[in-house]
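All values reported here derive from a predicted model rather than from experimental measurement. Residue numbers begin at 1 in each chain, while the letters A, B, ... track the order of the sequences.
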Amino acid sequence: MNAFDLGKFEEEAQEQWNHAFESNPSNLEKFYLTVAYPYPSGAMHVGHGRTYIVPDVIARFHRMQGKQVLYPMAFHVTGAPVIGISKRIAKNDPKTIRLYRDLYKVPQNVLDEFTDPLTIVRHFASEYQRVMTACGISIDWRRRFTTVDPTYSRFIEWQWKHLYEAGHVIKGAHPVRYCTVDDNPVGDHDLLEGDKAEVIKFTLIMFHFGDALIPTATLRPETIFGVTNLWVNPAITYVRALVDGNPWIISQEAAEKLALQDHTVEITEKIAGKDLIDTTVNHPLCGTVPVLPADFVDPDMATGLVMSVPAHAPFDYIALRDLQLAGKYTTIKPVPLIKVEGYGDVPAQDAVERAGITHQMDSRMDALTQEIYSAEFSKGKLLEKYGGKPVRVARDDVAALMIETYGSKIMYEFDTRPVVCRCGNKVKVKILHDQWFLKYSDPAWKKQVSDQLGEMALVPSEVRLEFDRTVDWLKDWACTRRVGLGTRFPWDTSQLIEPLSDSTIYMAYYTIAHRIREIDPVFLTPEVFDYIFLGKDSPELPEKKKLDAMRKEFLYWYPYNYRFSAKDLISNHLTFQLFHHVTIFPKNKLPRGMVVFGMGLLNGAKMSSSKGNVFLLEDAIRDFGADTVRMFLMGSAEPWQDFDWRNELVISTKKQIERFFNTVTESKDAEGEPHDIDRWIISRLQSHIVRTTEALINFQTRQALQEAYFGIETDLKWYRRRLPENIDGSRELHTLCSVWVRLLAPFIPFTGEHLWKELAGEGLVSFAPWPVADTKLINTRIELAEELLSRTVEDIESIRKLIQITPKSITISIAPAWKQEIFLLIAKAPERNTVLKEIMKDEAMRKRGREATDAAKQCTTLIHRLPPQVVDSLVREPIDELAVFQDAKAFLEQEFGVPVHVNQAESSEHAKAATALPFKPAIIIE
RNA sequence: GCGAGAAUAUCUAAGAGGUCAACAGAGGCGGACUCAAGAUCCGUUCCCGUAGGGGUUCGCAGGUUCAACUCCUGCUUCUCGCACCA
C-alpha cells in the first residue's frame, strides 16, 4: 500500500528532519546563505513563502553536493509599526481587528493580548517558525534570535562603537514630518494621507515692507532679478509676527510652521490681506515692486505670500495678464532674465500662447510650469547682465548670496498636500535637533562599498547598475528614533537605533547566536565581540573557552556566500549592510554575493495584506501540500522575476508531482534487460543532470525544474513509446529513478524523502549525494538515431494527415552516399558561399550536374534548420540511417499499423525517392 | 519628475543576429483506454495547403543587415525604488 499522500509524506519527513539541519563547523567546504529576516507583524503569505523557499532550494542543493550548509533565521522586531498596531487594537479599530482576526485568523484570546506590541511579534515569530518548518525549510533553528534580545543589543552596541570610531556617526539637525498633536515624528505607516509628499527646501526672499519684512518662498531664487510684483490673497488674514525678534508679515499657518523650524515666533497683530494690496515692497536685487491681489495664493503653502516672475512662471504671467485685461496695472511688463533655447525672450508667454491657454484655471497649467522649470534648469542661462551663468549653477549661487547678504532664510515645506496624520491633524515639517546620522554621503566610505561591490557576485547581473546608482545617490541617513522597539543609542540613550541600521551585520551574529546565549549579557563588552569577530585579544576576557568556540564558528562560516532579499531592499538594506561590513570586518570577511528577488502577485494583482489581497502560506500548504507550493513557486518564474499565484496552475502542479510519484513507484522495480532505448534514456539523463546542476548553480530554479522534471518526463514518454510490445522497462529505470528523485529533492523534499526510502536509498535524501553526470554513458550515436527516428515519425504523421488517404504501406528511402558527402562538406565549411565551388571541383560531382547543385542547396537549407548540436554530432560521427530504420521497423509498423519498407533511394523507382536528404529520408505513403 | 527593469500566441513563460511559427507548462479542442468519471496516453491549438510546404507574426513607429523576437533610435504601457519606513 503506497498511495500518493502529501500530508503523510510531510508527517514522515518532519519526524526525520527534527534537528537534521543544525549545522556545525566541519572539515567540509562550507556554504553559508542568509535571507532578510522577517518583521513578524502578520501572518505569512505565499509571497513570503517564496522568499524563504528559494534559498532553501539552493541550500538543499549545496547540501547534497556535499557541502556544510548553514541556513539560519531570526526575527526583526525593531521599529514602530507594531506599536501603532497594538494601539489600534487597544482602541478597537475595526480595520485592524478585521485584518488580524479574519485574515490572519488570530484567536480572540490571543488577539486580546495584542495591546502589548511585544506579544504581537512574539506570536507571529512563532507562527513564522511553525509555517516555515511546515514548508520544509531547512533552517538551523538553534540560532534563532530576535533583535530586542539583550544579547543582541550588546552586539549592536559593539557594531556602533566601530561605526562611531570610524567617524561615520554624526550629529545634526534634520527636517521631519511632525504631528503637533501626537508630538511625534510621523512615519509612513502613521499617515492617513500624503504618503507621497516630499519635504522640499525653499529659500525665503525677504522683501522690505516699511519696518517689516515680507518673506516669499521660492525654489528658484535666481529669478529674483525678474520679480515685477508680489501676490497676496486679499481674502485671507495675515499676521504680523516677531520672528527671531524681527517683524515679519506671513500667514497664520506659516507662523505656526516657522515656530517648528528653529525660529521664535510671536504674533503681534492681524493684517487683512486686502490691506496689503497696492502697497509696495522692495528688495535690493529687484527694486521697488507693487503688491497685487491673487486668489490662487494659498496661506497653507510656505509663507502664504508669493513673488511674481511673469517672464518665467506661467502662473504669474497669466495672472498678471488677467489683471491687465481688466485694465489694471498695465504698466507692469515681464522682466526676462533667462535665455533658453526654443523659447523667445519671455518663455512663460511663449509657452502659454503655444498651448493656447486662456485662463488660470486651465488644468494644463501645472504641466506647463513644470515644462518651463525643467527647460530653464537644464538648458537655460542667465542673461549677461545677471552674470551669464547656467541656471543650475546660478540657482545655488544666488541662494547662497541671498542667505549671506540679504537676510534670506531656509524654510521646509511639503511639495504636495494635504499631509494628514492618522490622528486627523495636519502634519507639518519640524526640524529635529539631536538627530544622529550615518554619513553615507562620505565619498571615501562610498568608494569602499563600490570596490566591494565590484568583487561580489550579483544575481541577476542587471541589478549591478542599480546598486552602483544607489551607492552614488545615498545621502546621510537619520539613524536614531524616538519611538519604537530596539537598542538604545549609546550616545543618547533617550533615543533608539533605527531598524534599518540595526540589521546590517547580523549575518555574523548568526554564527554565534546559539552559543552566546550561554553568557550573561552583562559580560558582553565590546572587547568580547572584538575577540570573537576580529581576533583582538584583551586581558580578562570572560569564559575564554566559549569565546574560542564562537571565534571558531565565525571563522568557519564567515563571510557569508550569498544574501537573498527582495529587490525593493536594494536602495536601503542591501546597500546599507555593505557600508557597515566594509567598516567593521576585514577584507576576507566581506560579503561574497547577493541574490535579488522579484515581487509576488496574486491572480495578476499585487499582493498586499492591507488590501486583503493575500493567500496565506499556511492555507496554501493545507490545500495543496507543501511540496506543491514549493514546486509551483520555484517553477513559475525565476527568483528575480515577479511571480503570479493562480490556484488553477497550482492544482496542475500537484498533479505533476503525483505523476512523478506514480512513475517512480511503478518503474523502480523494473527488471527487464536493457535495450538500445535504455542506453538512449540513460544517455539523455546525463545531460539533464548537467543542465539541472548548472541551472541551480546560477539560482535558476525554474530552468532547473524544466530540466529535472519536464525534460525527464518527456524522455520517459518517448521511452515507453519505443519499448517493444509486451516489454516493460528495464532495470536501468531503477538508476533513472534514483537520479530523478535526487534531482527533484531540493524542490519537493517531502515526496523526495518518501520515494528515497522506497528506492532503498541510504539515509535521508536531503543529505544524499547529488547526481553527477557520467560522460561514459553519453551515447551520441544512439541519441542521433532516436532524433532521426522521431523527426521521421513526425514527418510521416504530418503527411498522413494532409493527404487524407488510408495508407497501405510506408516506404522510407535513405539518401545516397554522395548526398551525405555534400551534406558533410557544407556542414563543415566555414564559408558557405564558396563551398559550392569546392564541391563542384570534384569530378564525380560535376558529372551529376544539376542534381548535385540542387542537393547542395537543399542541404544548406536543412543544415540551417537542424539544431547545431545535431549537425555537429553528424559531422563528427555520421550514422547509418539504413540500419536505424531497419531496427525500428517493428516500432514504425506498430505506430502506423501498416507495413513499413526501408530502402536506398538510389535503388527506388519512385520519383519521390529523389527528394531524400541526409537526416531527412524520402517518405512514400501509398 | 528621477533611477532601474519589463512588454512574446488564450494564460504563465523560454528565446538575446540565421537553429524560430517561436522550448516548456497550463487551458481549449479531437481521439484512445473505461460502464462512466478521474488519471494516463496520442493528436491538435496564428492563417492557407490532398506530401513533410507556404504566408503573416513576438508593445508601436522607424533604422542597421543578405538575414532581427534578438542590434540602434524615438514613442506607448507596466513593475520596483526615490529614504527616516519594514
Writing each nucleotide of RNA chain B 5' to 3' as (, ), [, ], | or . by Watson-Crick or G-U pairing under 3.5 Å yields ((((((((.[[[..)..(.....]]]((((((.......))))))(((....)))...[[[[[..)....]]]]])))))))....
Dump the pairs, protein N or O against N or O of nucleotides 4-6 of chain B, anything under 3.5 Å, distances to one decimal.
from	atom 1	to	atom 2	distance (Å)
B/rA4	OP1	A/Arg469	NH2	3.4
B/rA4	O2'	A/Glu466	OE1	3.2

When rounded to whole Å, the NZ to C1' distance for the pair A/Lys475 and B/rG3 reads 11 Å
- prompt: When the P atoms of B/rC58 and B/rC46 are considered, how many whole Å apart are they?
  reply: 16 Å
note: A/Trp645, atom CH2; B/rG25, atom P; distance rounded to Å ~ 20 Å
Result for side-chain hydrogen bond (donor to acceptor under 3.5 Å, both in side chains) between A/Arg691 and one of A/Gln706, A/Glu707, A/Gln700 points to A/Glu707
Requested in this report: May I ask you to decide if the ring planes of A/Phe699 and A/Phe564 are parallel, tilted or perpendicular, using 30° and 60° as cut-offs?
Outcome: perpendicular
ring-ring contact (aromatic ring centres under 6.0 Å, His included) filter on A/Phe576, not counting sequence neighbours, yields A/Tyr440, A/Trp477
Those residues at least two apart in sequence (or on a different chain) that pass salt bridge (Lys or Arg N to Asp or Glu O under 4.0 Å) with A/Glu881 are none
Interatomic distance at P, B/rG63 relative to B/rU70, whole Å
14 Å
| If the P atom of B/rU56 is compared with that of B/rC2, how far apart are they to the nearest Å? | 40 Å
**Prompt:** So, the side chain of A/Arg630 versus the backbone of A/Phe747: is there a donor-acceptor pair under 3.5 Å, distance only?
**Reply:** yes
Next on the checklist: Any base atoms under 4.0 Å from A/Ile570, or only sugar-phosphate, or nothing? Heavy atoms, all strands.
Outcome noted: nothing
For atom P, what is the distance between B/rG15 and B/rC20, given to the nearest Å?
15 Å
For atom P, what is the distance between B/rA24 and B/rU44, given to the nearest Å?
12 Å
Here the residues of residues 653-663 of chain A within 4.0 Å heavy-atom distance, strictly under, of RNA chain B are A/Lys655, A/Gln656, A/Arg659
Using only side-chain N and O atoms of A/Lys801, determine if any of them is under 4.0 Å from OP1 or OP2 of B/rU44.
-> yes
**Asked** Is any NZ, NE, NH1 or NH2 atom of the basic residue among A/Glu787 and A/Arg791 found under 4.0 Å from an Asp or Glu carboxylate oxygen of the other?
**Response** yes
**Prompt:** Base, sugar-phosphate, or nothing: which does A/His174 touch, judged by heavy atoms less than 4.0 Å apart?
**Reply:** base
Checklist entry - If the P atom of B/rU77 is compared with that of B/rC60, how far apart are they to the nearest Å? => result 15 Å
Here the distance between atom P of B/rG1 and atom CD1 of A/Ile372, to the nearest Å, is 16 Å
Exercise. Base, sugar-phosphate, or nothing: which does A/Lys717 touch, judged by heavy atoms less than 4.0 Å apart?
Worked result: sugar-phosphate
inquiry  = Taking B/rA26 as the reference, what is the distance to B/rU40 when you measure between their P atoms (whole Å, please)?
reply    = 9 Å
Exercise. Give a yes-or-no answer on whether the side chains of A/Asp715 and A/His688 include a donor-acceptor pair shorter than 3.5 Å.
Key: yes
Carboxylate-amine/guanidinium contact A/Lys567 A/Asp642, below 4.0 Å
yes
So, OP1 or OP2 of B/rA14: does either fall under 4.0 Å of a side-chain N or O from A/Gln641?
yes
Protein heavy-atom contacts under 4.0 Å, written 5' to 3' over nucleotides 46-59 of chain B as B (base), S (sugar-phosphate only) or - (none), form the string ---BBBBSS-----
Between B/rU79 and B/rA9 - C1' atom distance, rounded Å:
22 Å
